Protein chains: 2
Amino acid sequence: MERYRRLNIKLTPQRLAILKHLEGNKAHPSADEIYKSVKKKYPTMSFATIYNTLEALKEKGNIRELKIDPAKKRYDPDMSPHHHIICTKCSSIFDVYKDFDIRLPEETAGGFKVSGKNIEFFGTCRKCK
Amino acid sequence: MERYRRLNIKLTPQRLAILKHLEGNKAHPSADEIYKSVKKKYPTMSFATIYNTLEALKEKGNIRELKIDPAKKRYDPDMSPHHHIICTKCSSIFDVYKDFDIRLPEETAGGFKVSGKNIEFFGTCRKCK
DNA sequence: TATCAGATTGGAATCGTTATTGTAAAGACC
DNA sequence: GGTCTTTACAATAACGATTCCAATCTGATA
């Protein structure tokens with residue numbers, strides 16, 4: 001509860017439900033999945049609240065928005081630096097906790113000030129193989 | 001013209017206009033941008049034709065669909081292996097022609113059969129700096 | 001507890017994308 | 001060439017994800 005206060009966002013029952021759903025969630029859920037889940041407890045929950053809360057959390061740096069799935073945005077509450085590996089068959093996403101020390105040579109960067117990187121591996125998962 | 005025939009898709013005036021717009025295009029255009037461009041010459045051009053053609057080209061392996069921009073799909077006619085760097089301010093995308101030899105250790109892959117990777121750098125471009 | 005900035009709601013609008021449908025072109029066979 | 005069958009096309013309508021908006025409500029602070 002104290003850690004929620006540290007988020008510096010106004011806490012409401014709806015937001016707490018969303019936070020609770022996200023906490024420790026490794027499923028990289030979409031807005032729709034969060035909605036379906038929290039609606040059980042809060043039947044009046046609206047999509048606007050989901051999106052507003054996710055946007056607020058994103059701006060405060062508490063969740064990451066993943067661009068992996070072209071069909072919809074997915075969110076990742078795990079802010080520790082990590083990458084992802086996606087199964088091209090079942091679309092499930094897993095975390096890759098390994099740091100790759102790759103850098104862009106000055107001449108390749110072309111005046112860019114690089115602030116970060118994302119690596120996305122793809123292949124077939126154990127189940128789909 | 002001969003290279004277009006090699007694509008193994010039926011060539012129509014609309015498709016040729018789209019192909020011409022894509023050829024050598026380094027702007028990583030979205031469907032909307034292609035639409036706006038070819039509409040000048042073909043006022044009856046519809047979005048469906050754009051999407052159908054892009055899908056056909058993608059399936060034949062002639063263009064790549066980029067998932068970099070969460071707001072919309074972008075397409076890259078450059079099929080040579082390369083990565084991208086995105087400006088977080090103006091959303092422009094540039095190519096990174098450098099190979100990074102990174103591999104997932106067996107234990108990290110967790111049963112995954114890795115078939116490829118994408119690296120996406122982000123930062124601020126020369127203009128936005 | 002009174003106040004108010006910020007949050008919620010629900011519906012409608014928007015935007016990117018996909019499915020449907022009518023039509024035209026391309027083959028196949030005689 | 002003429003009919004039948006099949007395929008591909010473009011336009012329209014439909015769809016799903018996301019955003020916007022106005023009215024109402026509420027958590028946090030004084």
Side-chain angles (χ1 to χ4, degrees), chain A residues 1-22 27-60 62-76 91 93, chain B residues 4-5 7-19 21 27-60 62-76 91 93:
Chain A
M1 199 51 171
E2 303 80 49
R3 69 180 166 281
Y4 289 149
R5 296 202 196 290
R6 268 184 235 124
L7 299 176
N8 285 324
I9 61 170
K10 205 183 222 177
L11 294 177
T12 66
Q14 291 88 342
R15 289 189 163 187
L16 285 171
I18 295 171
L19 286 166
K20 198 177 166 190
H21 179 80
L22 285 174
H28 313 85
S30 65
D32 183 60
E33 282 156 8
I34 299 168
Y35 177 74
K36 284 202 181 78
S37 168
V38 295
K39 200 177 173 62
K40 289 172 193 162
K41 198 161 188 179
Y42 293 89
T44 67
M45 175 72 67
S46 89
F47 262 110
T49 301
I50 304 278
Y51 282 109
N52 287 341
T53 305
L54 290 172
E55 185 61 24
L57 290 170
K58 193 180 77 176
E59 279 185 5
K60 296 285 182 185
N62 297 110
I63 60 171
R64 262 215 276 171
E65 180 184 297
L66 304 183
K67 291 170 278 194
I68 284 174
D69 189 340
K72 60 180 75 127
K73 292 179 183 172
R74 285 159 166 271
Y75 295 87
D76 192 343
S91 293
I93 303 173
Chain B
Y4 289 149
R5 295 203 197 288
L7 299 176
N8 285 323
I9 61 170
K10 207 181 216 176
L11 294 178
T12 66
Q14 290 87 346
R15 288 193 162 185
L16 285 171
I18 295 171
L19 286 166
H21 180 80
H28 311 84
S30 65
D32 183 59
E33 282 156 8
I34 299 168
Y35 177 71
K36 285 204 181 78
S37 168
V38 296
K39 200 178 173 63
K40 288 172 195 165
K41 197 160 187 178
Y42 293 89
T44 67
M45 174 72 67
S46 88
F47 263 108
T49 302
I50 305 279
Y51 282 110
N52 287 341
T53 304
L54 291 172
E55 184 62 23
L57 289 170
K58 191 180 77 176
E59 279 184 3
K60 296 285 180 182
N62 296 110
I63 59 171
R64 261 214 277 171
E65 178 183 298
L66 304 183
K67 290 173 280 193
I68 284 175
D69 189 340
K72 61 181 74 132
K73 292 179 184 170
R74 284 160 165 267
Y75 294 87
D76 192 345
S91 292
I93 304 173

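Letters A, B, ... mirror the listed sequences (proteins, then strands); counts begin at 1. Small disclaimer: the values here were computed from a predicted structure and weren't measured.
- In this structure, B:His28 contributes its side chain and B:Ile93 its backbone to a donor-acceptor pair below 3.5 Å.
- Rounded to whole angstrom, the span from the CD atom of A:Glu55 across to the C1' atom of C:dT8 amounts to 17 Å.
- A:Asp69 places its CG atom 13 Å from the P atom of C:dT17, with the value rounded to the nearest Å.
- Residue A:Tyr51 has a polar side-chain atom (N or O) positioned under 4.0 Å from OP1 or OP2 of D:dT18.
- Under 4.0 Å is where a charged nitrogen must lie from a carboxylate oxygen, and between B:Glu33 and B:Lys36 no such pair does.
- For the pair A:Lys60 NZ and C:dG6 P, the interatomic distance rounds to 10 Å; values are reported in whole Å.
- Counting to the nearest Å, the P atom of C:dA7 and the CD1 atom of A:Ile9 are 8 Å from each other.
- In this structure, B:Glu33 atom CD and C:dC15 atom C1' are separated by 14 Å, rounded to whole Å.
- Heavy-atom nearest nucleotides on DNA chain C were determined for B:Tyr75 and for A:Thr49, and the one closer to the 5' end corresponds to A:Thr49.
- In this structure, of C:dA7, C:dT17, D:dT18, it is D:dT18 that holds the atom nearest to the side chain of A:Phe47.
- The side chain of A:Ala48 approaches C:dG10 more closely than any other nucleotide in the set D:dA28, C:dG10, C:dT17.
- Among the heavy atoms of the strands lying under 4.0 Å from A:Lys10 is at least one base atom, whether or not backbone atoms are also near.
- Of the side-chain N and O atoms in A:Arg15, none sit less than 4.0 angstrom from OP1 or OP2 of C:dG6.
- Rounded to whole Å, atom C1' of C:dG16 lies 13 Å from atom CG of B:Leu54.
- For the pair A:Leu54/A:Ile50, a side-chain contact is recorded, criterion being any heavy-atom separation below 4.5 Å from C-beta on.
- Taking 4.0 angstrom as the limit, A:Lys73 places a side-chain polar atom (N or O) nearer than this to OP1 or OP2 of D:dT19.
- Across the interface with DNA chain C, nearest-nucleotide mapping of B:Arg74 and A:Ser46 shows A:Ser46 to be the residue nearer the 5′ end.
- Heavy atoms of A:Ser30 sit nowhere under 4.0 angstrom from any nucleic acid atom.
- Not one N or O on the side chain of A:Arg74 forms a donor-acceptor pair closer than 3.5 Å with the backbone of A:Leu66.
- To the nearest angstrom, C1' of C:dG10 lies 9 Å from OH of A:Tyr35.
- Put simply, the side chain of B:Asp32 reaches to within 4.5 Å of the side chain of B:Phe47, judged on heavy atoms.
- Side-chain N/O atoms of B:Thr44 include none lying less than 4.0 angstrom from OP1 or OP2 on D:dA10.
- Using a 4.0 Å heavy-atom criterion, one finds that A:Asn52 contacts the bases of the nucleic acid, with or without backbone contacts as well.
- Within the 4.0 angstrom heavy-atom criterion, only backbone atoms of the sugar-phosphate kind lie near B:Gln14; the bases stay farther away.
- Closest contact between the side chain of A:Pro13 and the listed nucleotides D:dA10, C:dT8, D:dG27 involves D:dG27.
- At least one donor-acceptor pair under 3.5 Å links the side chain of A:Arg15 to the backbone N or O of A:Lys10.
- Distance A:Leu7 CG to C:dA7 C1': 16 Å, rounded to the nearest Å.
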